[in-house]
Number of protein chains: 2
Amino acid sequence: MLSTTGLPQGAVPKLERPGPLRDRVYEALLELITTRALRPGQHLVESELAGHLGVSRQPVREALQRLNRDGWVDLRPAQGAFVHEPTEAEADQLLTVRTLLEAEAARLAAANASAPAIAELEELCAEGERAVAADDVDAAVATNARLHAKIMELAGNAVLAELAAQVDRRVRWYYTPVARQRGQQSWTEHRELIAAIADRDGQRATEIMRVHTEHTRQTYHEREK
Amino acid sequence: MLSTTGLPQGAVPKLERPGPLRDRVYEALLELITTRALRPGQHLVESELAGHLGVSRQPVREALQRLNRDGWVDLRPAQGAFVHEPTEAEADQLLTVRTLLEAEAARLAAANASAPAIAELEELCAEGERAVAADDVDAAVATNARLHAKIMELAGNAVLAELAAQVDRRVRWYYTPVARQRGQQSWTEHRELIAAIADRDGQRATEIMRVHTEHTRQTYHEREK
DNA sequence: GCGCCGTAGACTGTAGGCGAAAGCCAATCC
DNA sequence: GGATTGGCTTTCGCCTACAGTCTACGGCGC
């Protein structure tokens with residue numbers, strides 16, 4: 001089905017719409033929570049947030065429900081929303097689940113990966129290494145996320161990807177403050193992982209990913225001391 | 001801290017509150033979807049549902065958002081909610097993830113299980129076998145759910161449990177229609193699983209659970225033919 | 001007869017308002 | 001002096017109303 005307008009297909013910015021307000025409120029609140037502008041345990045009042053963001057209460061309500069569903073706020077009935085307070089046990093559980101999901105993704109990715117896809121992974125890996133070399137923590141973390149997301153995409157399991165996305169964002173919340181400690185080694189492991197995927201060695205990819213996320217957990221726990 | 005009223009503690013019905021309306025709407029819609037009263041692909045109009053349930057649009061909206069988040073309906077922007085249409089690929093992906101989560105739960109449960117907990121599992125298993133013997137499919141399915149939930153509880157990982165609960169409910173949607181085919185064998189496998197957990201053999205428990213859910217998948221796919 | 005445009009209908013997205021439940025504090029009674 | 005109870009404030013839960021947007025249909029020009 002060809003367009004008759006002669007316009008290039010993908011280049012049209014699609015008349016960028018602001019999108020549903022609730023989603024933007026969701027993103028805004030998520031940003032405020034992850035940046036610790038809203039402290040754990042803090043009571044979030046709908047009307048306050050609504051006034052502060054310049055919208056009505058309804059989008060705020062819907063955003064809060066989504067935040068609750070995603071584990072960012074606790075919604076006590078007839079009382080309101082409170083920013084979730086992370087605990088040691090919960091961080092540990094999240095990392096356990098993350099290990100599980102990422103390892104499975106690595107296994108599936110190894111089974112499905114095509115040559116160009118592997119090239120993409122290597123490019124991302126190189127990008128991450130450059131970021132580490134330049135001591136750009138933000139870029140390194142962002143590239144890390146993209147790399148993991150790409151592997152998840154290669155796994156070709158939408159359900160798995162969705163769950164992993166949820167868990168990953170929360171893990172990153174705990175993890176980001178200590179990301180600096182774990183720069184070089186992380187990307188060395190990424191290299192090994194990509195090599196395993198390129199070799200179609202699912203067994204090895206699973207194992208490397210398991211060790212990789214396990215290192216993340218150890219780094220997190222060492223931070224406490 | 002003893003009560004001075006002299007009233008029996010547990011016997012007070014606690015003045016059964018109807019609970020938040022949005023939750024009841026959620027349950028009602030979920031019931032309508034799982035029972036196929038609302039067909040896959042059907043367009044759900046907020047005002048219609050609201051009128052039909054005797055409530056306003058707001059609780060319906062919030063329920064629909066939760067249903068969307070849980071994968072029961074697809075929410076197309078500025079167009080409305082549509083009952084999710086299950087596909088073969090998705091069922092397969094769900095079962096893959098379910099296998100993963102349940103196997104991990106079995107492993108953790110084997111590490112944590114106490115003697116009374118194991119007794120509880122065996123009791124549930126016996127109950128399930130009785131239901132199968134009596135050809136009571138509904139009871140067998142319900143007991144099956146309770147058994148898996150109990151194992152998940154023993155695993156002691158709240159995050160894992162939450163994800164598994166989501167996946168399980170959706171899996172059950174696909175699976176229930178063919179549950180009848182898989183009665184006796186399923187509970188035999190449950191017996192083996194409990195034995196492995198009782199022996200604290202995480203390796204074996206993982207393997208059995210993997211095979212168990214894999215059988216479920218095969219049963220599902222055979223239905224197609 | 002065919003295709004385009006304009007208009008009407010319907011539904012969602014958002015705003016504001018009212019009633020009710022929960023928590024808090026002070027005054028009161030034992 | 002301590003516990004209780006009453007009222008008051010805060011905040012949520014829900015309803016109603018309005019504006020924006022997408023879809024579908026009918027008329028008009030070619």
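Quick note on labels: first sequence line is chain A, next is B, and so on, each numbered from 1. What you see is a predicted model, and the numbers here were worked out from it, not measured in a lab.
Between the side chains of B/Arg169 and B/Thr34, no donor N or O sits under 3.5 Å from an acceptor N or O.
Between A/Leu64 atom CG and D/dT11 atom C1' the separation is 13 Å, expressed in whole Å. Summarising the geometry, the separation between CG on B/Leu21 and C1' on D/dC14 is reported as 8 Å, rounded to the nearest angstrom. Atom CZ of B/Arg61 is separated from atom P of D/dT16 by 16 Å (rounded to the nearest Å). With rounding to whole Å, B/His43 atom NE2 is found 8 Å from C/dC11 atom P. Residue B/Leu49 contributes atom CG, which lies 13 Å from atom C1' of C/dT12 at whole-angstrom precision. The distance between atom CG of B/Leu75 and atom P of C/dC11, rounded to the nearest whole Å, is 16 Å. Here the C1' atom of nucleotide C/dA15 and the CD atom of A/Glu62 are 12 Å apart, to the nearest Å. Put simply, CG on B/Leu53 is 15 Å from C1' on D/dC15, counting in whole angstrom units.
In this structure, of C/dA15, D/dG13, C/dG13, it is C/dG13 that holds the atom nearest to the side chain of B/Glu46. In the set C/dG13, C/dA15, D/dC12, the nucleotide with an atom closest to the side chain of B/Arg57 is C/dG13.
Among the protein residues, B/Gln58 comes within range of the nucleic acid bases, having at least one heavy atom under 4.0 Å from a base atom.
The nearest heavy atom of DNA chain C to A/Ser56 and to B/Val45 marks one nucleotide each, and the one closer to the 5' end goes with B/Val45.
The residues B/Asp23 and B/Arg66 are annotated as salt-bridged, a charged nitrogen and a carboxylate oxygen being separated by less than 4.0 angstrom. Ionic pairing of B/Glu153 and B/Lys150 is present here: one or more N-O contacts between side-chain nitrogen and carboxylate oxygen are shorter than 4.0 angstrom. With salt bridges taken as basic N to acidic carboxylate O contacts below 4.0 Å, one links B/Arg107 and B/Glu104.
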